[in-house]
Engineer: 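Please see the structure below; I have some questions.
Per chain, numbering begins at 1; letters A, B, ... match sequence-line order.
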Amino acid sequence: MKVIETINLSKIFEGVVPVHAVNQVNLSIEDNEFTAIVGPSGSGKTTLLNMIGGLDRPTSGTIKVNQIALNELSENELINFRLKHIGFVFQSYNLIPVLSAKENAEFVMLLQNIPAKDRIARVEALLKEVGLEDKMNNRPSQLSGGQQQRVAVARALASKPDFVLADEPTANLDSKSAENLLDIMHRLNKEEGITFVFSTHDQRVIDRARRVITLEDGKIISDVIQHEN
Amino acid sequence: MYFKLAWRNIWRNKSRTFITLIAVSIAVVLSVLMMSAKNGVYENMIKSLIGDFTGFAQIQSKAYVDDSSIDNVLVFNDDLKAALQGISAIDGFSPRIENFALAVSDSSNKGVLIIGVDVEKEQKYIGLKDRLSDGELIDLSDDQVMIGSGLSERLQAGVGDTVVLLSQGYHGSTAAGKYRVKAIVNFGSPELSNQLVFLPIQEAQTFYGLENMYTNIILHFKDNDDVRQGVNKLNSVLGQELVARDWEELAPELKNMIETDKMEGYVFMFILYMVITFGLFGTMLMMLSERKHEFGVLVAIGMKRVKLAVMVWLELIILSILGVILGSVISLPICTYFHENPIYFGEEMADVYEDYGLEAMIKFSLDPSIFTQQAIIILLISSMIAIFPFIRLLQVKAIQQMKA
């Protein structure tokens with residue numbers, strides 16, 4: 001089943017010289033995929049990911065997530081849509097500094113008005129899943145980069161999203177932490193069927209991705225299935 | 001969680017929070033002290049010029065309101081008594097005779113205000129016994145007088161001396177009498193001390209030729225906040241000829257003076273509050289600018305912009321409440337100290353105060369409304385300031401904020 005579909009998707013950043021960050025991109029991503037969008041800096045990976053995630057609007061074209069055209073949603077509807085359907089993992093973790101690991105992961109569920117009892121049970125299970133059961137009450141400043149990114153993964157999964165978008169999730173991690181994070185995400189994809197879409201130029205992520213979409217100057221230049229799940 | 005988040009956000013930048021708290025609390029302290037001192041002066045004014053002596057309300061005949069003549073008196077009958085007893089807010093009442101006369105002693109003379117009073121009945125309210133500086137309290141059967149300390153000096157008449165009182169009695173009769181001074185009374189207000197002569201009520205009736213008639217009935221209330229309501233209630237049951245008036249009607253010049261003085265205070269407070277406004281506004285602008293990226297992330301992960309705006313508003317409100325609490329905690333003991341130990345003025349300043357008929361002192365007020373008023377004003381200011389981030393946060397776009 002198609003989770004994400006883009007049709008002639010373009011994004012032009014206006015300026016003295018307009019920049020075609022994403023140019024007529026057509027792609028579809030199925031349920032349970034573990035997909036990497038790769039390409040050199042400025043190739044449009046993050047812009048594409050932002051548009052798929054409803055954070056940015058295309059100049060032209062259509063993005064459909066679960067058959068819903070994101071272009072047609074208002075800003076407030078988009079926020080609500082993101083909350084219910086999309087999990088985000090950012091390059092620089094972006095955890096709320098004043099909340100503990102547990103509270104950070106719980107926060108999205110609080111926004112969804114999930115009862116406290118259910119929230120606590122799920123957040124504890126998630127943090128256990130990412131190997132942070134002993135760091136639940138630590139604040140981000142008390143965690144390493146790898147641990148923070150694992151909290152970010154737990155937060156992304158807390159709302160039970162349709163898919164997780166991860167923008168360069170390993171870029172700020174050392175190799176051991178990066179491997180560890182990839183193991184977790186790979187396991188979640190395999191065992192729980194969670195769809196992951198990454199933007200990356202980290203070869204380790206690329207190697208483990210089932211499908212690799214390569215962008216250059218905003219266009220897809222290759223779309224390869226490396227190995228089956 | 002939102003409260004927890006707001007609370008923790010406040011303490012992210014401790015120095016900034018402390019500076020803001022100090023700014024708010026200093027402004028609160030200054031305005032509370034100013035209001036407390038001013039209200040204390042007003043309370044003292046009202047108490048010494050009105051409450052103790054005139055009562056917070058009176059019943060008079062309507063004719064007496066226009067012309068305070070001894071001819072415009074009222075009859076204190078059982079119906080009127082029943083009407084007064086029917087109003088629960090009224091603690092007590094006592095009829096009086098008040099009129100002007102000329103007091104003459106061996107060495108001098110002076111225009112005086114004669115008060116025919118039931119001393120025993122009014123003791124609870126006026127506390128004449130506590131105001132005696134010499135001699136003994138008059139009683140109902142006496143044919144002696146008590147005079148104010150200022151008047152005693154002016155007439156050079158002390159306890160045991162004789163004064164002659166001359167006035168016009170009921171329906172043009174002559175009122176004249178010779179009375180022995182039984183006591184000297186001292187009122188906080190020099191204006192009162194300089195002109196009061198107390199006669200037992202029955203002796204005053206005899207003096208003026210008023211049989212079973214009085215010029216006014218003094219009303220004492222359990223709670224002075226109920227005066228207005230009590231007066232309105234009374235006026236609805238009093239007949240055509242009588243009217244109940246509260247102290248604001250009885251002494252409009254005093255009310256106007258207080259109102260004018262209050263305006264000056266409001267100007268000063270406005271300046272203080274402007275300082276708070278800019279302090280809080282600055283803090284809020286810094287907070288918004290520092291956390292742009294974070295706001296973007298929160299909206300990206302699905303936080304509604306209204307909730308984000310409410311959270312920031314909550315931060316500002318909590319900060320203000322803390323400032324108000326701190327300011328109140330600092331100012332309360334200061335106000336209490338100056339309530340217990342009033343500030344007395346030096347001679348020159350005392351003369352000025354006495355010219356206005358006031359005691360030359362400032363006794364700080366501990367009226368809780370002074371503190372609650374500050375809290376409400378600061379909360380209103382914070383809420384007003386919060387409109388700006390509220391509107392800005394309602395327009396936040398995740399991607400723009402995250403790029404900031």
Engineer: Drop me the distance from B:I399's CD1 to A:L55's CG, to the nearest 0.5 angstrom.
Structural biologist: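 Between atom CD1 of B:I399 and atom CG of A:L55 there are 5.0 Å.
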
Engineer: With a 6.0 Å cut-off (strictly less than), is the heavy-atom count around CD of A:E77, excluding the residue itself, greater than 12?
Structural biologist: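 Yes.
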
Engineer: I need the minimum non-hydrogen distance between B:E294 and A:I96, along with the two atoms involved.
Structural biologist: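 The pair with the smallest heavy-atom distance is OE2-CG2, 4.3 Å.
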
Engineer: Are the side chains of A:F107 and B:L298 in touch, meaning some heavy atoms are under 4.5 Å apart?
Structural biologist: yes

Engineer: With a 4.5 angstrom heavy-atom cut-off, could you sort out which part of B:V299 is near chain A: side chain, backbone, both or neither?
Structural biologist: both

Engineer: Measure A:P161 against the heavy atoms of chain B and call it side chain, backbone, both or neither at under 4.5 Å.
Structural biologist: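 Neither the backbone nor the side chain of A:P161 comes within 4.5 Å of chain B.
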
Engineer: Look at A:E103 together with B:K4 and state whether they make a salt bridge at an N to O cut-off of under 4.0 Å.
Structural biologist: yes

Engineer: Looking at every non-hydrogen atom in both residues, tell me the closest pair between B:A300 and A:F88 and how far apart they are.
Structural biologist: O-CE1, 3.4 Å

Engineer: Count the heavy atoms belonging to other residues, nucleotides or ligands that lie under 6.0 Å from CZ of A:F13, then report whether that count exceeds 12.
Structural biologist: yes

Engineer: Check whether any side-chain heavy atom of A:I79 lies under 4.5 Å from a side-chain heavy atom of B:M303, and answer yes or no.
Structural biologist: no

Engineer: Step through the shown structure and confirm whether more than 12 heavy atoms of other residues, nucleotides or ligands are within 6.0 Å of NZ on B:K307.
Structural biologist: yes

Engineer: Would you mind checking which part of A:F90 comes under 4.5 Å of any heavy atom in chain B, side chain (CB onward), backbone (N, CA, C, O), both or neither?
Structural biologist: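 Contact with chain B: side chain only.
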
Engineer: Most heavy-atom pairs under 4.5 angstrom with chain B, which of A:L111, A:N50, A:N80, A:L99?
Structural biologist: A:L111

Engineer: Is B:F388 atom CZ crowded by more than 12 heavy atoms from other residues, nucleotides or ligands, each under 6.0 Å away?
Structural biologist: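 Yes, because the 6.0 Å sphere around CZ of B:F388 holds more than 12 heavy atoms from other groups.
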
Engineer: Heavy-atom distance under 4.5 Å between the side chains of A:N76 and B:K304, does that happen here?
Structural biologist: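 The answer is no, as the side chains (C-beta and beyond) never meet within the 4.5 Å cut-off.
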
Engineer: Could you pull out the closest heavy-atom pair between B:R8 and A:S100, with the gap in Å?
Structural biologist: NH1-N, 4.1 Å

Engineer: Under 4.5 Å heavy-atom distance to chain B, tell me which part of A:R119 shows up: side chain, backbone, both or neither.
Structural biologist: neither

Engineer: Rounded to the nearest 0.5 Å, what's the gap from CD on A:E75 to CG on B:L394? Could you check?
Structural biologist: 12.0 Å

Engineer: Can you confirm whether B:D367 is buried at CG, in the sense that more than 12 heavy atoms of other residues, nucleotides or ligands lie under 6.0 Å from that atom?
Structural biologist: yes

Engineer: Could you check if a side-chain atom of B:I301 sits within less than 4.5 angstrom of a side-chain atom of A:R82, using non-hydrogen atoms only?
Structural biologist: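 Not in contact.
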
